[in-house]
Amino acid sequence: MFPQHIIARKRDGHALTRDEIVAFVRGATDGSWADYQLSAMLMAIVWRGMTPQETAFYTEAMMHSGVVADLSSLKVPKADKHSTGGVGDKVSLHLAPMIAACGVAVPMISGRGLGHTGGTLDKLEAIPGFRVNLPLDAYRAQLEQIGLALIGQTADLAPADKKLYALRDVTATVESIPLICGSILSKKLAEGIDVLVLDVKFGRGAFMKDKAKARELAQALVSVATAMGKPTRAVLTAMDEPLGGTVGNALEVMESIECLRGHGPADLMEVTFALGEQMLLLAKVVATKDEARAKLEASLASGAALEKFRAMVAAQGGETRVVDEPVRLPQAKFKEALAATQAGFVTEVDAMGVALAALRLGAGRAKAEDKIDHAVGVSALVKVGERVAVGAPLGVVHANDASALAEAKAMLAKAIVVGERATAPGRLVEEILG
Ligand code: URA
């Protein structure tokens, strides 16, 4: 099977066979297809699409391009959640220990952020000493011991995705539902999970801006994962303003610890509970949504979830004292509030604008090789609908560089709009699919 023949079949709009798709994915893994052939194939898929059957073949081949973790020795159900990414989205940091405290193991293999904010791994690395690069044996042992591990993608997990994602990033071939499905699910299904909950975001701070397109992606992810024998649900959530009151790695860890102490902000906890309820329902440790909610709330009230978080930090070499003394997390040199210049109501906090301000401070990466500054970002952000007086703080900018501070403050000022009339914040949890 020559690559050019398979590429031509997709170019001409044919549905590929399982063998043809396997040949393409193998070509990405072992280098037998040249980068230009892989790129041509990716572009043909962007244009011609894939049928649900082809998408399932593709996801399966991507998943089997490397190791699939075997967690069958764990006697409890294993659930994970994945978010398509949002500004201030630190949900995994506190939701994973909450779920583990409810008796469901969470084997979570996460990514780093590229684009507007840091990813889960970047946030965890704000904790001094925290190791995200665990080999699969240590990952399995930790899951057996404490029911929770948050690690980075190992080299042997879905290697075809690593190769293809790097090409997609530079060949304008990211925006394709079958390619996104194969990419996300190959990594998640290789973790060894039983069930999966996806947080598919839409809005100005999301990867998918358009709600209908996000729904289409959510539907495809649910259908493919379910067809592959992993019960999956997707929660469609809005991402127009940042989630919670912080954006920036150490600041988000601090906010997650507050959530675990039972003091999380309303919007962040709404998304956390919505996802957690679906995880417990799919894992079949509860029969109803109300029961799931009560169990999650009890994990916070009893301190069990906070203790799971502490156990994970200890197991992964992190400084556990940050749990009780978050000031031990990296702190920025400058902390300056942005004051409101007019009285009224907050009508807009543009998630993308806030993310770009945080990026200017060094909280995210503009290029894959950029180094992140864990201390910087924005905290105490106002929320849409809040009333503010002249001079009231709209947010606090944390910076390590005076010129970045000034620029980020100006960017934040543009992202937050104060008007005369109160606007009610929009609905956060839009729909549950699956
Ligand atoms: N995230 C992924 O891991 N892959 C994609 O293709 C898009 C988002």
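Just so you know, ligand 1 is whichever comes first in the structure, and atom 1 is the first atom listed for that ligand.
For Ile180, the heavy-atom gap to ligand 1 drops under 4.0 angstrom.
Polar contact with ligand 1: present for Arg168 (N/O pair, distance under 3.5 Å).
Side-chain atoms of Glu60 never come within 3.5 Å of backbone atoms of Phe57 as a donor-acceptor pair (strictly under, hydrogens ignored). Remark: the backbone N or O of Val235 is not paired with any side-chain donor or acceptor of Glu431 at under 3.5 angstrom.
The residues Lys163 and Asp35 are annotated as salt-bridged, a charged nitrogen and a carboxylate oxygen being separated by less than 4.0 angstrom. Using a 4.0 Å cut-off between a side-chain N of Lys or Arg and a carboxylate O of Asp or Glu, Glu307 and Arg310 qualify as a salt bridge. Comment: Lys230 does not engage Asp194 in a salt bridge, judged by the lack of any side-chain N to carboxylate O separation of less than 4.0 angstrom.
Here is the list of ligand 1 atoms found below 4.0 Å of a heavy atom in Lys187: 2 (C), 3 (O). Contact atoms of ligand 1 toward Ser183: 2 (C), 3 (O), 4 (N), 5 (C), 6 (O) (distance under 4.0 Å to a heavy atom of the residue). Near Ile184, meaning under 4.0 Å from one of its heavy atoms, ligand 1 places the atoms 1 (N), 2 (C), 3 (O), 4 (N).
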